[in-house]
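Below you'll find the structure, written out as C-alpha cells, and then a few comments.
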Amino acid sequence: MATLADLKARIVAEMARDDLETDIPDVLLTHIQDACEFYADTKFWFNSILTTVTTTTNVATVSIPSTVRIIERLTLPAYDRELREVTLVGLDETTSNAAPSHYSYYNDSIRFWPTPDAAYTLNVYGIAKVAAPAVDADTSIWTNEAAPLIAAHARMTLSRDVFRDPDGTQLAQGAITDWRTRLKRETARRLRTPLRSTMWAGEPFSITTG
C-alpha cells in the first residue's frame with residue numbers, strides 16, 4: 001500500500017523540484033491535503049460507502065454516521081422501502097409515529113417523518129468521510145486509488161500558486177482532466193446500478209398537512 005511519503009515522492013519527481021521536500025515540506029503537504037479536500041465530495045467507486053443507522057423509538061432524529069460525508073440514499077430493508085429526502089420545511093410537524101418514509105437534514109442529524117415508532121435499522125448509502133493524510137506513514141484511498149489525481153491536482157496548485165509557472169500549471173491541468181475522466185469512467189463501470197430510485201422523479205412534494 002502506498003503512503004503519503006510515496007505520494008510526496010511522486011510529486012517531487014514529476015515536478016523535478018527537490019526543494020519541495022527539502023525547503024518547503026509544509027507547503028507540499030498543504031497542497032496535497034487541499035487536493036484531497038477538493039475531491040472529498042466527488043463520487044468515486046473507492047469512496048462509496050454502505051453503512052447502517054438505527055432509529056430510537058419515539059425519537060425523530062438520529063446522528064449521521066461519523067464515517068459518512070454525504071448521504072445519497074436511505075433505505076428501510078424491513079419494509080423494502082427507500083426513504084425520500086425532502087426539505088426540512090416539508091416535514092409534517094404534526095405528531096405521527098410509524099415506520100419512517102421521508103427524511104431531511106437537521107443540525108448535522110437526520111430527521112425522520114413519521115417519527116419512528118420502533119427501532120428500525122436503515123441502510124445508508126453515500127460518500128465516505130476519509131481524512132487527508134497527515135504523516136508520511138498514512139495510507140488511504142488518497143495515497144492509493146486516487147493518488148494520480150491528487151498528485152496532478154497538487155502539481156497544478158503548486159505550479160500556479162507557489163512557483164508561478166504557467167506551463168507547469170497547464171500541463172498539470174491536462175493530467176487532472178485525464179485522470180478524472182479515467183476514474184469517473186471506472187466508477188460508472190463499477191457502480192452500474194443507480195443509487196437513487198426514480199420513483200419520485202419529477203414529482204412535486206410536500207407532506208405538510210396543516
Side-chain angles (χ1 to χ4, degrees), residues 1 33-135 138-146 183-184 186-210:
M1 298 289 284
Q33 292 177 332
D34 286 349
C36 296
E37 179 62 24
F38 187 87
Y39 294 104
D41 291 342
T42 303
K43 180 63 172 286
F44 298 109
W45 87 88
F46 46 77
N47 66 351
S48 300
I49 189 171
L50 166 58
T51 186
T52 61
V53 293
T54 302
T55 65
T56 300
T57 304
N58 298 328
V59 177
T61 61
V62 67
S63 297
I64 296 174
S66 60
T67 54
V68 176
R69 184 178 177 100
I70 295 176
I71 294 176
E72 295 182 317
R73 181 185 176 200
L74 281 177
T75 64
L76 185 57
Y79 284 72
D80 193 23
R81 172 188 297 172
E82 179 172 344
L83 276 66
R84 183 181 175 189
E85 181 184 358
V86 297
T87 62
L88 188 60
V89 295
L91 290 179
D92 194 343
E93 294 297 329
T94 61
T95 301
S96 179
N97 294 62
S101 59
H102 300 76
Y103 75 98
S104 181
Y105 288 101
Y106 175 75
N107 287 348
D108 296 324
S109 300
I110 306 167
R111 186 177 182 88
F112 298 105
W113 186 91
T115 298
D117 62 344
Y120 295 100
T121 298
L122 295 101
N123 287 340
V124 181
Y125 300 82
I127 298 176
K129 182 185 295 183
V130 183
V135 298
D138 282 351
T139 182
S140 70
I141 59 171
W142 302 126
T143 62
N144 287 275
E145 291 87 351
L183 292 176
K184 294 301 287 185
E186 180 65 11
T187 296
R189 185 186 71 81
R190 292 180 181 238
L191 304 178
R192 292 186 185 279
T193 303
L195 278 179
R196 188 175 296 277
S197 169
T198 58
M199 60 185 295
W200 304 101
E203 177 188 351
F205 175 78
S206 173
I207 61 173
T208 302
T209 58

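This one's a predicted model, so the numbers in the text were calculated from it and none came from an experiment. Position 1 is the first residue of the sequence; numbering continues from there.
Side-chain contact between Ser48 and Leu50 is absent, with no heavy atoms from C-beta onward closer than 4.5 Å. Between Val53 and Pro65, the closest side-chain pair of non-hydrogen atoms falls below 4.5 Å. Counting only heavy atoms from C-beta outward, the side chains of Val124 and Leu74 approach each other to under 4.5 Å.
More than 12 heavy atoms of other residues, nucleotides or ligands lie within 6.0 Å of OH in Tyr105, so this atom counts as buried by the packing criterion.
Atom OG1 in Thr57 sits 9.5 Å away from atom CG in Asn97 (nearest 0.5 Å). The line from CE of Met1 to OG1 of Thr143 is 6.5 Å long, rounded to the nearest 0.5 Å. To the nearest 0.5 angstrom, Ile110 atom CD1 is 8.0 Å from Leu122 atom CG. To the nearest 0.5 Å, the span separating CG on Leu191 from NZ on Lys184 amounts to 9.0 Å. Remark: Ile127 CD1 to Ile71 CD1 distance equals 11.5 Å, nearest 0.5 Å. Note that NZ of Lys43 is 10.5 Å distant from CD1 of Ile49, once rounded to the nearest 0.5 Å.
In this structure, Pro114 and Ala98 approach most closely via the heavy-atom pair CB-N, 3.8 Å.
Residue pairs meeting the salt bridge (Lys or Arg N to Asp or Glu O under 4.0 Å) criterion with at least one member in residues 120-132: none, sequence neighbours excluded.
A distance-only check finds a donor-acceptor pair linking the side chain of Gln33 to the backbone of Pro133 [under 3.5 Å]. Remark: side-chain polar atoms of Thr187 are paired, donor with acceptor, to backbone N or O of Trp45 under 3.5 angstrom. For Thr55 (side chain) and Ala60 (main-chain N/O), no donor-acceptor pair under 3.5 Å exists by modelled atom type. Listed for the Trp142 side chain is no donor-acceptor partner under 3.5 Å among the backbone atoms of Ala35. No donor-acceptor pair closer than 3.5 Å links the side chain of Thr115 to the backbone N or O of Asn58.
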Original post:
Going through the distances and angles, do Leu83 and Leu76 end up as a side-chain contact (heavy atoms from CB on, under 4.5 Å)?
Top reply: CA-CA 7 Å; Leu83 276 66; Leu76 185 57; 4.0 Å; yes
Original post:
How far apart are the C-alpha atoms of Val86 and Trp113, what are their side-chain angles, what is the distance that settles it, and do they pass the side-chain contact (heavy atoms from CB on, under 4.5 Å) test?
Top reply: CA-CA 10 Å; Val86 297; Trp113 186 91; over 6 Å; no
Original post:
Hey, mind stepping through Tyr120 and Phe112 against side-chain contact (heavy atoms from CB on, under 4.5 Å) and telling me if it holds?
Top reply: CA-CA 11 Å; Tyr120 295 100; Phe112 298 105; over 6 Å; no
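With sequence neighbours excluded, the residues satisfying ring pair (Phe, Tyr, Trp, His ring centres under 6.0 Å) with Phe38 are His153. With sequence neighbours excluded, the residues forming a salt bridge (charged side-chain N to carboxylate O under 4.0 Å, His left out) with Arg69 are Glu37, Asp41, listed by chain and number.
Note on ring orientation: taking the six-membered ring where Trp is involved, the planes of Tyr39 and Phe44 are tilted (angle from 30° to 60°).
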